[in-house]
Number of protein chains: 2
Amino acid sequence: MGRKRTKSGKIRLAEVAELAGVSPITASRFFRNPEALSVAKRTRVESAAKELGYVPNLAARALASQRTEVIGVLIPSLTNNVFSDVLRGIYDASEGSRYSIQLSNTRYSILQEEKLLRLFLAQKPAGLIVTGIDQTTESRAMLEAADCPIVQIMEIGPDPVDMMIGFSHYDAARAAVAHLFEQGRRRIGFVGARMDPRVQRRLDGYVSAMKDAGLFEQRLVVTTATPTSVTLGGALFTDLLAREPDLDAVFCANDDLALGVLFECRRREIAVPDQIAIVGFNDLEFMASAVPTLTSVRTNRYEMGRTAATMLIEAIDGRRPEQAVLDLGFKVIERQSSTSRHSDSRPSTSGAGAANKMVALPSSHD
Amino acid sequence: MGRKRTKSGKIRLAEVAELAGVSPITASRFFRNPEALSVAKRTRVESAAKELGYVPNLAARALASQRTEVIGVLIPSLTNNVFSDVLRGIYDASEGSRYSIQLSNTRYSILQEEKLLRLFLAQKPAGLIVTGIDQTTESRAMLEAADCPIVQIMEIGPDPVDMMIGFSHYDAARAAVAHLFEQGRRRIGFVGARMDPRVQRRLDGYVSAMKDAGLFEQRLVVTTATPTSVTLGGALFTDLLAREPDLDAVFCANDDLALGVLFECRRREIAVPDQIAIVGFNDLEFMASAVPTLTSVRTNRYEMGRTAATMLIEAIDGRRPEQAVLDLGFKVIERQSSTSRHSDSRPSTSGAGAANKMVALPSSHD
DNA sequence: GTCGTTGCTGGTAGCGCTGTCAACGTTCCT
DNA sequence: AGGAACGTTGACAGCGCTACCAGCAACGAC
């Protein structure tokens with residue numbers, strides 16, 4: 001066997017081709033478009049590759065073909081549970097495909113995002129997943145000019161770069177407030193931390209709903225730029241109470257804050273929901289087992305990530321989805337913290353998931 | 001809104017070199033080893049690159065240099081908060097370096113890990129970060145044969161493949177139990193979910209501590225293969241109570257379970273810590289603001305990720321750390337849930353962080 | 001029979017960068 | 001002064017793969 005190899009003994013496509021008795025280019029085609037080969041050569045190449053344990057050199061492939069099999073993902077945070085769910089969806093969907101995920105963290109900075117975008121695009125990714133719709137003008141221009149499919153995730157807006165999947169944070173917040181109105185609450189505070197664009201839109205939704213009811217007051221809103229945490233929820237709630245002692249409900253921009261508010265209520269011996277109702281956002285797992293169980297707005301984060309990656313891969317492979325913009329909606333999961341005002345807030349059995357009333361709304365966006 | 005293909009104004013190294021008035025190879029050196037250039041050429045190349053907005057083509061670099069600038073990271077889960085902290089550390093440390101992170105999720109399966117490892121190694125990564133010390137024989141062999149630095153993270157053991165950073169879960173569990181003994185607890189239950197090797201070692205530590213005190217009983221241990229959650233904590237605790245009504249403390253394999261136990265106690269009107277003490281593991285942020293505040297074993301997850309990546313990058317660049325094995329230790333953070341047996345468990349102000357007694361131990365491993 | 005057409009295959013020519021080594025000029029040593 | 005040693009630079013030759021286009025047989029349409 002006069003098969004020649006690299007000094008490192010690595011198996012190249014040429015070796016596979018030689019063993020299979022075909023030209024390198026035919027062997028190459030086998031890996032990219034097997035249908036283009038005659039059955040005879042296809043099986044020959046296949047068994048040769050298996051026999052030699054051939055693994056393609058991705059760098060060479062990328063260089064020669066001028067494109068990579070990398071999907072770039074830009075998210076604002078690695079810590080936030082919300083994004084870890086989205087990521088899990090993305091990774092799950094990418095598994096089994098030939099694409100690999102390149103993740104970068106913008107740290108909630110659109111300038112950082114722009115920088116990373118430039119870096120990513122220079123490597124000609126097969127596709128891109130970016131968070132939100134608030135890019136810099138420059139980023140926007142780069143995205144429009146990019147010759148790869150792009151999915152914007154986490155929210156939906158009027159002017160997609162390409163594809164888009166998410167829901168209306170504005171509508172979701174309005175729905176949460178509407179639920180509190182239904183429960184007879186009037187003096188509803190808003191607690192928010194790290195006011196990224198999506199949290200800002202939740203605040204906008206809250207404000208509009210309150211104004212519609214003639215109940216809005218600026219002092220009902222407490223926000224901070226600090227990253228969110230459970231502890232911070234308690235602190236912000238403390239501020240809110242000091243400003244507005246007659247508070248009868250709190251809408252929290254996320255579930256960590258809501259949990260912090262719940263603990264702070266317990267500390268202060270404020271009855272939930274009798275004195276104060278609490279509504280969170282995202283419906284993390286723990287909301288259903290808190291005491292009392294905590295109302296929240298459920299968002300389909302895993303599904304969002306999974307669908308985004310699936311749509312993207314389909315688009316890369318030339319099968320564009322019929323719908324470029326997908327609204328995943330949300331659901332207000334009504335639980336004890338905002339409903340049973342005069343009932344026992346400490347039932348002896350777990351109330352988790354027990355006959356939760358679900359209000360599903362497709363979010364309408366302008 | 002179609003994707004328009006822009007004529008890629010591809011800036012190559014050659015263009016930069018031309019503008020700078022040097023040869024391509026000199027320009028190339030500027031990016032890899034600037035010190036090797038004279039100051040004059042260095043500044044010339046630098047400004048030329050900036051002016052043209054040059055971004056190197058990683059695929060070409062990888063092909064020509066026969067190595068990539070990719071650090072492979074294998075972790076068991078994307079969902080688990082513990083790993084998102086570690087990841088954040090890894091990403092933070094990699095930022096600014098020229099290495100990029102390639103992440104894959106083994107889903108707690110060592111077979112999946114083996115498969116991914118094979119995939120990673122075929123692309124000649126610059127370095128590898130793997131979770132834990134329980135690889136398959138095959139994986140272990142591949143790791144030993146790999147010609148790149150490797151860091152094992154999350155725990156330490158007697159036989160590192162290369163570098164190792166973590167702590168002894170066994171010792172940490174023993175310390176937690178010792179703390180409960182100190183507080184006068186005797187009938188201490190163990191609650192664990194998804195018994196991965198590290199949780200298993202915590203259980204081993206618990207068992208050994210209990211046996212040393214002559215207090216171990218099998219029925220005090222409740223575990224399940226189910227993935228962990230707050231809700232599950234409540235459910236497992238319910239099981240435990242049914243088996244052992246005289247329980248006076250619970251050591252939870254992680255903080256989510258501990259929070260679930262706390263909520264379940266509240267539901268059942270079991271006083272914490274008066275009737276039952278609770279100790280968690282990892283010291284997630286919310287532990288400090290729960291009511292009562294929850295004792296936990298603090299682990300330096302972010303630091304672990306950060307240090308692992310830093311060590312790895314240094315090793316890749318030829319500067320091996322003096323210590324190949326790093327024990328980051330742990331601390332038992334004593335809070336209300338396990339200490340003030342006869343004091344008020346619901347103070348009117350937040351007890352978070354207030355004079356917590358910290359017991360720091362370097363974990364000793366054999 | 002000639003001309004496409006289709007299906008499959010192969011040759012050639014790079015993709016953009018870096019490893020290697022040779023060739024400088026300069027400085028330092030003996 | 002002669003040579004070695006050093007620091008700096010450039011020419012050349014690929015890295016392993018694929019885009020592009022040409023070739024060729026088999027087939028049908030006119």
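Convention: sequence-line order gives letters A, B, ...; per-chain numbering from 1. As a basis for the values below, the full set of heavy atoms in this structure was taken, side chains included, without hydrogen atoms, waters or symmetry mates.
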Has [X] got a side-chain N or O lying under 4.0 Å from the OP1 or OP2 atom of [N]?
X: B:Q66; N: D:dG16; result: yes
X: A:S38; N: C:dC8; result: no
X: A:Y54; N: D:dC17; result: yes
X: A:T26; N: C:dG10; result: yes
X: A:R61; N: C:dC15; result: no

Want to settle it: does A:A60 or B:I25 sit nearer the 5' end of DNA chain D, counting the closest nucleotide to each?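 Residue closer to the 5' terminus by nearest nucleotide: B:I25.
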
Could you check whether [X] pairs with [Y] (Lys NZ or Arg NE/NH1/NH2 to Asp/Glu carboxylate O, under 4.0 Å)?
X: B:E69; Y: B:K124; answer: no
X: B:E46; Y: B:R42; answer: no
X: A:R107; Y: B:E95; answer: yes

With a cut-off of 6.0 Å (strictly less than), are more than 12 heavy atoms of other residues, nucleotides or ligands near CZ of A:R67?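 No, because the 6.0 Å sphere around CZ of A:R67 holds 12 heavy atoms or fewer from other groups.
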
From [atom1] of [X] over to [atom2] of [N], roughly how many Å is that when rounded to an integer?
X: B:R12; N: C:dG14; atom1: CZ; atom2: P; value: 12 Å
X: B:F30; N: C:dC17; atom1: CZ; atom2: P; value: 14 Å
X: B:N57; N: C:dC17; atom1: CG; atom2: P; value: 6 Å
X: B:L63; N: C:dG16; atom1: CG; atom2: P; value: 12 Å
X: B:R67; N: C:dT18; atom1: CZ; atom2: P; value: 9 Å
X: B:L37; N: D:dG10; atom1: CG; atom2: P; value: 10 Å
X: A:K124; N: C:dC15; atom1: NZ; atom2: P; value: 11 Å
X: A:L58; N: D:dC15; atom1: CG; atom2: P; value: 18 Å

Ignoring the backbone of A:R32, work out which of C:dT18, D:dA19, C:dC15 is nearest its side chain.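 Within the option list, the nearest is D:dA19.
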
As a test of reading the structure: which of D:dT18, C:dC17, C:dG11 is closest to the side chain of A:S23, going by heavy atoms?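 The nucleotide sitting nearest to the side chain is C:dG11.
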
Pair B:Q112-B:T106, side-chain hydrogen bond (donor to acceptor under 3.5 Å, both in side chains): steps then yes or no: CA-CA 5 Å; B:Q112 177 71 6; B:T106 65; over 6 Å; no

Check for a donor-acceptor pair, side chain of B:T26 on one end and backbone N or O of B:V22 on the other, with a separation under 3.5 Å.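 No; zero donor-acceptor contacts below 3.5 Å.
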
Would you find a donor on one side and an acceptor on the other, under 3.5 Å apart, between the side chain of B:T131 and the backbone of B:L74? yes

I'd like to compare against my own output: the B/S/- annotation of nucleotides 21-27 of chain D with a strict under-4.0 Å heavy-atom distance to protein. -------

Reckon B:R42 touches a base, only the sugar-phosphate, or nothing at all at heavy-atom distances under 4.0 Å? nothing

Under 4.0 Å, counting only non-hydrogen atoms across every strand here, what does A:A36 touch: a base, just sugar-phosphate, or nothing? sugar-phosphate

For A:M311 and A:R320: C-alpha separation, side-chain torsions, deciding distance, then whether side-chain contact (heavy atoms from CB on, under 4.5 Å) applies. CA-CA 7 Å; A:M311 282 169 72; A:R320 291 196 71 79; over 6 Å; no

